[in-house]
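Scroll down for the structure; my scribbles are underneath it.
Since we're looking at a predicted model, the values are computed, not measured. Read the numbers this way: they start at 1 and go in the same order the structure lists the ligands and their atoms.
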Amino acid sequence: MRARVFPDYEAMSEAAAALVVLRLREKPSTVFMLPTGTTPLGMYRRLVEMYRAGQVSFAGATFFNLDEYLGLVPDHPASYHVYMKEHFYGLIDADPARTFVPDGSAPDPAAECERYEAAMREAGGIEVCVLGIGRNGHIGFNEPGASFLSRTRVVRLSESTRNVNAADFEENRAPQRALTVGMATIFESREVLLLASGTNKARTVAASVEGEISESVPASMLKGHPNAELFLDEDAASDLGSGVAG
Ligand code: F6R
């Protein structure tokens, strides 16, 4: 797993957007997996700018999101459906028929997870998976301890994750459970790009890059991936030893 360190958040976001555009130019029908959260906002902003400038089209691509809160209807303001619509899918020429976010309000969540996994399979699997990382090392909503063999499923969120995300919800109460694409599904992506920004990610980034591969640090799984790269800003890289290339 290679780590590239950029001077700041903007430079990291620019590089992430450039990689997405490069993959689209190589293959307009690329199948992407995408994250939500604070970290990818700069990348989405840049991609939208490039789309508006006529430099890129997303019309041939397929998009899958990593996760969604269980129990949220798609138009709930804190849902990842709304997040993606407001920050990306609603601002570009993505084809709604090839744009997927797990349905947190599905009457049978386990069946929804199976449907989602099948949709990724039918699309030929994920080619480019973009990830953020939780302060506890989670990827998607695969919290520490998640099996590397796991598939898309309903998971319980850790207290720390619920606290970090609480501000998005009334009375600061984040849902207790979520649907997330599983670790094995992420691992099978042909290419993985993990983004991390800020000092509050530095410790978990160092543990993921320099520690043992362990289910207690989910992102460490990527050390065994043949084509995974970390894009970090200097703050997120600040706990790494000196062996990391800039
Ligand atoms: C969200 C997701 C999460 C976030 C992680 C970091 O779709 O999959 O793993 O990437 O919680 O969130 P931010 O970027 O808000 O620090």
Side-chain angles (χ1 to χ4, degrees), residues 6 8-10 12-13 16-17 32-46 63-70 72 74 76 78-89 99-104 113 116 120 126 128-146 150-169 174-183 185-187 189 192-205 207-208 215 217-222 228 230-233 235-237:
F6 297 89
D8 56 26
Y9 176 74
E10 281 311 316
M12 182 200 77
S13 302
F32 290 93
M33 174 104 83
L34 295 176
T36 56
T38 310
T39 312
L41 287 173
M43 177 187 77
Y44 291 140
R45 215 177 299 127
R46 185 69 192 120
F63 298 102
F64 288 91
N65 266 78
L66 275 161
D67 40 23
E68 178 61 288
Y69 292 106
L70 183 69
L72 295 200
H76 187 288
S79 76
Y80 289 160
H81 280 82
V82 167
Y83 171 106
M84 289 307 293
K85 197 167 149 203
E86 286 183 351
H87 296 294
F88 195 47
Y89 299 145
T99 304
F100 301 87
V101 183
D103 182 358
C113 292
Y116 205 72
M120 287 185 280
I126 305 298
V128 180
C129 173
V130 184
L131 300 171
I133 181 171
R135 293 177 206 191
N136 62 4
H138 74 214
I139 51 179
F141 273 139
N142 295 283
E143 300 281 26
S150 56
R151 295 284 168 187
T152 306
R153 68 205 185 290
V154 175
V155 291
R156 189 162 287 281
L157 298 174
S158 71
E159 276 310 300
S160 66
T161 298
R162 292 185 65 220
N163 289 337
V164 170
N165 295 354
D168 295 336
F169 294 90
Q176 296 190 349
R177 292 186 295 164
L179 282 63
T180 186
V181 169
M183 296 294 280
T185 316
I186 291 172
F187 194 83
S189 307
V192 178
L193 174 63
L194 186 147
L195 308 177
S197 162
T199 47
N200 59 19
K201 301 289 172 67
R203 210 139 71 118
T204 198
V205 163
S208 306
E215 288 178 351
V217 184
S220 69
M221 174 184 76
L222 302 175
L230 258 70
F231 280 11
L232 310 171
D233 64 11
D235 287 341

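- For ligand 1, the atoms closer than 4.0 angstrom to any heavy atom of Leu66 are 8 (O).
- Counting non-hydrogen atoms of neighbouring residues, nucleotides and ligands closer than 6.0 angstrom, the CZ atom of Arg162 exceeds 12 such neighbours.
- Tyr9 and Thr38 get closest at one heavy-atom pair: OH-O, 3.4 Å.
- Shortest non-hydrogen contact noted between Met12 and Asp233 is SD-N, 3.9 Å.
- Using a 4.0 Å heavy-atom cutoff, Arg135 is absent from the residues neighbouring ligand 1.
- In this structure, the protein non-hydrogen atom closest to atom 5 (C) of ligand 1 is His138 NE2, 3.4 Å.
- Evaluation of the ring pair (Phe, Tyr, Trp, His ring centres under 6.0 Å) rule for His81 yields no partner, not counting sequence neighbours.
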>> Walk me through whether Met183 and Glu215 qualify under side-chain contact (heavy atoms from CB on, under 4.5 Å).
In response: CA-CA 10 Å; Met183 296 294 280; Glu215 288 178 351; over 6 Å; no

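- With a heavy-atom cut-off of 4.0 Å, Thr161 does not touch ligand 1 at all.
- Ranking the protein heavy atoms by distance from atom 10 (O) of ligand 1 puts Gly132 CA, 3.3 Å first.
- Once rounded to the nearest 0.5 Å, the distance linking CD1 of Ile133 with OG of Ser197 reads 12.5 Å.
- The aromatic rings of Tyr80 and Phe141 lie parallel to each other, with less than 30° between the two planes, well short of the 60° mark.
- Thr36 OG1, 3.1 Å is the protein heavy atom nearest to atom 1 (C) of ligand 1.
- For atom 16 (O) of ligand 1, the nearest protein heavy atom (residue, atom name, distance) is Lys201 NZ, 2.6 Å.
- Protein heavy atom in closest approach to atom 14 (O) of ligand 1: Thr39 OG1, 2.4 Å.
- Checked against a 3.5 angstrom limit, the closest N/O atoms of Pro40 and ligand 1 fall outside it.
- Of the protein's heavy atoms, Gly140 O, 2.7 Å lies nearest to atom 9 (O) of ligand 1.
- In this structure, the protein non-hydrogen atom closest to atom 6 (C) of ligand 1 is Ile133 O, 3.3 Å.
- Under 4.0 Å from ligand 1, the heavy atoms of Asp67 that appear belong solely to its side chain.
- Every residue two or more places apart in sequence or in another chain that forms a salt bridge (charged side-chain N to carboxylate O under 4.0 Å, His left out) with Arg151 is listed here: Glu117, Glu188.
- Phe100 and Phe64 have parallel rings, their planes meeting at less than 30° on a 0 to 90° scale where 60° marks the start of perpendicular.
- In Thr38, the parts holding a heavy atom less than 4.0 Å from any atom of ligand 1 are both the side chain and the backbone.
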